[in-house]
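So you know, we letter chains A, B, ... as the sequences are listed, proteins then strands, and number each from 1.
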Amino acid sequence: MAYRVIHYINQFFAGIGGEEKADVAPEVREGVVGPGMALKGALGNEAEIVATFICGDNHFANNMEAVSAQVVEAARKYRADALIAGPAFNAGRYGTACASVCAAVKNALDIPVVTALYRENPGVDLFRKEIPIVEAADSARGMGKAVPALARVLLKQLKGEALGAPAEEGLLEKGIRQNMFYEQPGAERAVSMLIKKLKGEPFVTEYAMPVFDRVTPRPPVADMRTARIALVTSGGIVPFGNPDHIAASSAQNFGQYDITGVTDLLQGKYQTAHGGYDQTYANQDPDRVLPVDVLRDLEKEGAIGSLHPVFYSTVGNGTAVAKAKSFGIEIGKRLKDAQVQAVILTST
Amino acid sequence: MCTIVPISLSIGANRIVPTVSIPHPLGNPELSPEAEKALRRELVERALKALSTPVDGQTVFNK
């Protein structure tokens with residue numbers, strides 16, 4: 001008997017309409033709709049799309065949890081063995097919806113799921129660690145390539161076969177590092193890679209580095225004597241006891257702390273939450289990481305307008321770039337709202 | 001303000017002040033308390049100078 005599959009798509013791929021129909025509420029249709037037709041061909045007689053869940057992109061974005069729960073419910077009702085969502089290519093809301101429903105169904109029902117997204121779709125960074133995501137092109141022109149990959153990855157999971165390395169399966173990396181055995185030791189592999197690089201020949205890295213971005217420089221502060229300066233740190237300085245439980249590595253949050261009237265960060269009043277470096281010196285005198293004492297002096301002398309009465313802190317140790325970026329955006333917003341002109345960011 | 005300048009360069013920071021050491025970027029426990037605070041002040045003043053200086057790309061303020 002064929003495996004039963006439920007398929008999630010948005011209003012556009014269902015043929016309901018574009019942006020003007022992005023608010024449409026969910027509906028479930030039996031059988032295939034839109035790209036489900038091509039998936040049906042790729043799945044062959046091993047699996048059958050029994051129902052299609054359709055939801056407008058804005059409706060999903062505004063009701064993420066409720067719609068995810070409805071998809072879980074539909075999967076239950078149709079006794080689905082698996083879920084396919086998308087492909088969503090580089091459509092941000094749709095991609096986030098596809099990845100979200102995959103994660104929700106996987107968590108609730110523990111059945112195979114898969115979606116297909118463009119590498120930079122925001123859904124990727126949100127869910128890449130939880131669900132398999134086929135790497136798709138940035139537009140629907142990539143449908144022809146994404147569909148067979150989706151079918152293959154789903155059938156493999158349904159049959160209980162292990163998925164191979166991301167590059168072999170056409171999947172985006174989950175970021176898992178696995179021990180491998182090689183004939184050649186690491187030093188030899190590294191040197192032969194370097195020689196290839198020097199010759200300009202292609203080579204495949206064993207551990208891809210994340211891509212870093214560039215920032216347009218801001219104009220300088222015109223008059224430091226009237227400027228409000230804030231302190232932000234990735235060195236983990238927090239009030240003693242670490243009230244917000246910022247993790248010693250792979251931080252999941254940042255803290256915001258009032259230092260009104262504080263002229264010096266004293267041992268026993270403040271500490272570092274940071275792992276990975278010897279905390280002795282930072283705990284003895286937290287000003288060694290967050291220079292509140294000096295900035296208070298400069299404030300008193302009139303060299304700066306004022307020290308912003310709130311500082312922000314997180315831990316840099318092993319924290320994901322995407323996470324750090326989201327902290328930065330939120331901290332930046334709060335500093336801007338508080339009319340801070342410049343920030344000194346200290347790191348350990 | 002950071003000790004590992006290449007990391008700050010890799011993430012796109014534009015005004016960079018190199019600091020003392022990872023566990024005590026703005027201090028040096030081997031100095032007397034007065035000398036240590038003077039060192040910290042010198043570094044913070046350099047950061048303020050960096051913030052007051054126009055830059056058109058990534059700039060390391062060594063002095």
Side-chain angles (χ1 to χ4, degrees), chain A residues 209-225 227 229 231-235 237 264-265 272 274 276-298 301 303-304 307 316-317 321 324-325 328 341-348, chain B:
Chain A
M209 297 305 291
V211 181
F212 297 115
D213 58 359
R214 288 286 169 266
V215 182
T216 311
R218 302 294 302 155
V221 174
D223 184 5
M224 207 43 95
R225 288 167 305 169
I229 308 294
L231 279 171
V232 177
T233 186
S234 63
I237 299 300
D264 194 358
L265 299 185
T272 182
H274 202 295
Y277 73 76
D278 184 348
Q279 302 177 334
T280 312
Y281 310 107
N283 288 339
Q284 267 170 6
D285 183 0
D287 294 284
R288 285 169 174 155
V289 177
L290 199 75
V292 169
D293 59 352
V294 164
L295 280 156
R296 285 296 186 209
D297 291 349
L298 291 164
E301 294 163 26
I304 60 168
L307 175 61
N317 185 26
V321 174
K325 210 168 169 172
Q341 271 102 56
V343 178
I344 295 177
L345 199 146
T346 65
S347 81
T348 45
Chain B
M1 307 191 78
C2 72
T3 303
I4 313 175
V5 172
I7 294 183
S8 290
L9 288 167
S10 77
I11 58 162
N14 287 316
R15 292 177 171 90
I16 301 168
V17 176
T19 53
V20 179
S21 161
I22 290 175
H24 45 82
L26 290 149
N28 183 348
E30 289 184 8
L31 300 176
S32 69
E34 297 74 29
E36 189 182 18
K37 193 166 174 191
L39 164 77
R40 177 151 61 248
R41 181 170 173 128
E42 195 273 317
L43 288 165
V44 170
E45 282 177 338
R46 209 190 298 167
L48 294 176
K49 191 186 132 201
L51 288 167
S52 318
T53 306
V55 297
D56 52 13
Q58 294 193 296
T59 309
V60 179
F61 290 79
N62 284 304
K63 280 217 171 100

Under 4.5 Å from any heavy atom of chain B - which part of [X]:
X	value
A/Asp223	neither
A/Pro217	both
A/Thr216	backbone

Heavy-atom neighbours of B/Glu30 CD exceed 12 at 6.0 Å:
no
Between B/Ser52 and chain A, which part of the residue has a heavy atom less than 4.5 Å away: side chain, backbone, both or neither?
both
What distance do A/Leu295 atom CG and B/Arg41 atom CZ have between them, rounded to the nearest 0.5 Å?
10.0 Å
Looking only at B/Gly27, B/Pro29, B/Ser8, B/Ala50, the option with the highest number of non-hydrogen pairs under 4.5 Å against chain A is B/Pro29
Heavy-atom pairs under 4.5 Å with chain A, option from B/Gly57, B/Pro54, B/Cys2 with the top count:
B/Pro54
Quick check on the interface: out of A/Ala303, A/Ala342, A/Ala282, A/Pro291, who has the most heavy-atom pairs with chain B under 4.5 Å?
A/Pro291
With chain B as the partner, which of A/Asp293, A/Leu298, A/Ile304 has the greatest number of non-hydrogen pairs under 4.5 Å?
A/Asp293
Of the options B/Leu51, B/Leu26, B/Val17, which is the one that meets A/Ile344 in a side-chain contact (heavy atoms from CB on, under 4.5 Å)?
B/Leu51
Is the side chain of A/Arg288 donor-acceptor paired with the backbone N or O of B/Glu36 at a distance under 3.5 Å, no angle test?
no
Sub-3.5 Å donor-acceptor pair from the side chain of A/Asp278 to the main-chain atoms of B/Pro23, do we have one?
no
Side-chain heavy-atom pair [X], [Y] within 4.5 angstrom cut-off:
X	Y	value
A/Val289	B/Pro25	yes
A/Gln284	B/His24	no
B/Glu45	A/Val294	no
A/Thr346	B/Thr19	no

Ion pair check, B/Arg40 and A/Asp297, cut-off under 4.0 Å
no
